[in-house]
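Here is the structure we will look at.
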Amino acid sequence: MYYNHLGDASNLSFITHMNENAQAVVEGGYLHDIPLLILSSDGDQEWGEVQQQLLHWSNNSVQETIPASAHYIHWSHKEIVASKLVEMLRMVEKKSLGIPFDS
């Protein structure tokens, strides 16, 4: 899957700036109450420890494991990723409007 997108401009930009982006995130530190959604693969256990650490970067973080997924979840399960992001954005919107999450 990765090689299908290797030459994409967005992917090349990401690769070019990967270390700079990572350093900016580390320097930024704790996110306080900024929502953080961590989508994990059930087939990529190498990143499990890192993703557990990410949960502590915000007091408003959630980790979900996507069943039958690979490392590049956003390529193999686009609809699920999009749905989870929309769900998170709706919760953020409700919170900003003072609407209970279950409504």
Side-chain angles (χ1 to χ4, degrees):
M1 182 72 64
Y2 174 77
Y3 294 106
N4 291 341
H5 300 277
L6 185 61
D8 289 357
S10 62
N11 200 32
L12 292 174
S13 176
F14 173 78
I15 292 168
T16 302
H17 301 288
M18 186 171 13
N19 290 335
E20 294 170 33
N21 293 342
Q23 187 63 37
V25 170
V26 169
E27 289 173 359
Y30 186 65
L31 300 174
H32 302 282
D33 65 347
I34 294 174
L36 178 61
L37 174 62
I38 304 162
L39 298 177
S40 302
S41 166
D42 63 354
D44 191 3
Q45 300 306 317
E46 291 181 40
W47 290 95
E49 184 178 325
V50 171
Q51 292 171 347
Q52 285 295 314
Q53 292 172 357
L54 287 174
L55 281 171
H56 301 289
W57 280 31
S58 169
N59 58 3
N60 190 8
S61 63
V62 175
Q63 180 182 22
E64 293 191 40
T65 300
I66 307 302
S69 59
H71 180 79
Y72 297 101
I73 298 170
H74 58 293
W75 289 342
S76 63
H77 291 74
K78 294 174 189 167
E79 295 81 15
I80 293 173
V81 170
S83 172
K84 296 293 182 183
L85 289 171
V86 168
E87 182 181 315
M88 181 187 75
L89 291 171
R90 285 188 177 137
M91 286 187 0
V92 169
E93 180 181 41
K94 285 182 177 184
K95 182 178 179 181
S96 72
L97 296 172
I99 300 170
F101 293 139
D102 56 357
S103 61

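This one's a predicted model, so the numbers in the text were calculated from it and none came from an experiment. For reference, positions follow the sequence shown, starting with 1.
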Side-chain donor or acceptor of Asn60 paired with backbone N/O of Ile34 under 3.5 Å: no
Linking I/L/V/M/F/W/Y whenever their side-chain heavy atoms sit closer than 4.5 Å, directly or via other members, would Leu85 and Leu39 fall into one cluster? yes
If we ignore hydrogens and angles and just use 3.5 Å, is the side chain of Ser41 paired with the main-chain N or O of Ser69 as donor and acceptor? yes
Students often mix this up, so state it plainly: with edges at 30° and 60°, are the rings of Trp75 and Tyr72 parallel, tilted or perpendicular? parallel
Separation between OG1 of Thr65 and CD of Gln51, rounded to the nearest 0.5 Å: 7.5 Å
Just wondering, are more than 12 heavy atoms of other shown residues or ligands nearer than 6.0 Å to CD in Gln53? yes
Nearest-0.5 Å distance that lies between atom CZ in Arg90 and atom CD in Glu87: 9.0 Å
Minimum heavy-atom distance Leu37-Met88, with the two atoms named: CB-SD, 3.6 Å
Got a second to check how far Ile38's CD1 is from Ser61's OG, nearest 0.5 Å? 5.5 Å
Spacing of CD1 belonging to Ile80 relative to CD1 belonging to Ile66, to within rounding of 0.5 Å: 5.5 Å
Heavy-atom closest contact (Pro67 atom, His77 atom, distance): O-NE2, 3.8 Å
Could you pull out the closest heavy-atom pair between Ser58 and Leu36, with the gap in Å? CB-CB, 4.1 Å
Distance (rounded to the nearest 0.5 Å) between Gln63 CD and Leu55 CG: 5.0 Å
